[in-house]
Amino acid sequence: MRYGGHQTFTIRDGWLHKALGILMDESNRWQLVDDFAMDHLGVGRNMAKSINHWLLATGLARKEKVENSRGKTVEKKDLLPTDLASMIFNHDPYF
């Protein structure tokens with residue numbers, strides 16, 4: 001995990017809730033990592049990067065690892081929800 005990935009932004013109220021809603025909707029997950037993530041999240045470019053960082057840092061998201069054509073394992077850009085994210089999304093209405 002990168003140290004400075006939070007772009008100097010601490011977690012803000014509502015960020016993870018909003019991002020988790022997008023992350024759990026399989027058809028909209030791309031919105032967290034595309035070039036217009038800030039529009040989908042309603043925040044600035046650096047805040048969108050920070051939200052992605054905090055999803056990874058809190059264990060709510062993970063990056064899929066795949067093997068490339070040279071046999072090396074690389075991380076894909078897309079984020080996937082973890083079991084923790086699913087549990088929180090399904091059982092904590094106050095998150």
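The residues of the chain are indexed from 1 along the displayed sequence.
Side-chain contact between Leu56 and Lys63 is present, with heavy atoms from C-beta onward closer than 4.5 Å.
Contact detail for Leu79 and Ala61: the closest heavy-atom pair is CB-CB, 4.3 Å. Closest of all the heavy-atom pairs between Leu32 and Asn52 is O-ND2, 2.7 Å. Residues Pro81 and Arg62 come closest through the heavy atom pair O-NE, 4.2 Å. The heavy-atom pair separating Leu55 from Ala19 by the smallest distance is CD1-CB, 3.7 Å. The heavy-atom pair separating Arg45 from Met38 by the smallest distance is N-CB, 3.9 Å.
Residue pairs meeting the ring-ring contact (aromatic ring centres under 6.0 Å, His included) criterion with at least one member in residues 10-45, sequence neighbours excluded: Trp30-His40.
Among residues two or more places apart in sequence or in another chain, the side chain to side chain donor-acceptor pair (under 3.5 Å) test is passed with Asp25 by Ser27, Asn28. Residues meeting the side chain to side chain contact (heavy atoms under 4.5 Å, CB included) test with Lys65, sequence neighbours left out: Thr73, Glu75.
A donor-acceptor pair under 3.5 Å is formed between the side chain of Thr58 and the backbone N or O of Trp54. Checking side-chain atoms of Lys18 against main-chain N and O of Leu41 turns up a donor-acceptor pair under 3.5 Å.
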* To do: Might you work through the side-chain contact (heavy atoms from CB on, under 4.5 Å) test for Val43 and Arg12, ending with a clear yes or no?
  => CA-CA 11 Å; Val43 297; Arg12 303 226 174 141; over 6 Å; no

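Between the CD1 atom of Ile51 and the CG atom of Leu20 there is a distance of 12.0 Å, given to the nearest 0.5 Å. Rounding to the nearest 0.5 Å places CG of Leu23 at 8.0 Å from OG1 of Thr82.
No continuous path of ILVMFWY side-chain contacts below 4.5 Å connects Leu80 to Val33, so the two sit in separate hydrophobic clusters.
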Under 3.5 Å, which donor-acceptor pairs link side chains of residues 87-95 to any protein atom two or more places apart or in another chain?
{"from": "Asn90", "atom 1": "ND2", "to": "Ser86", "atom 2": "O", "distance (Å)": "3.0"}
{"from": "Asp92", "atom 1": "OD1", "to": "Tyr94", "atom 2": "N", "distance (Å)": "3.1"}
{"from": "Asp92", "atom 1": "OD1", "to": "Phe95", "atom 2": "N", "distance (Å)": "3.4"}

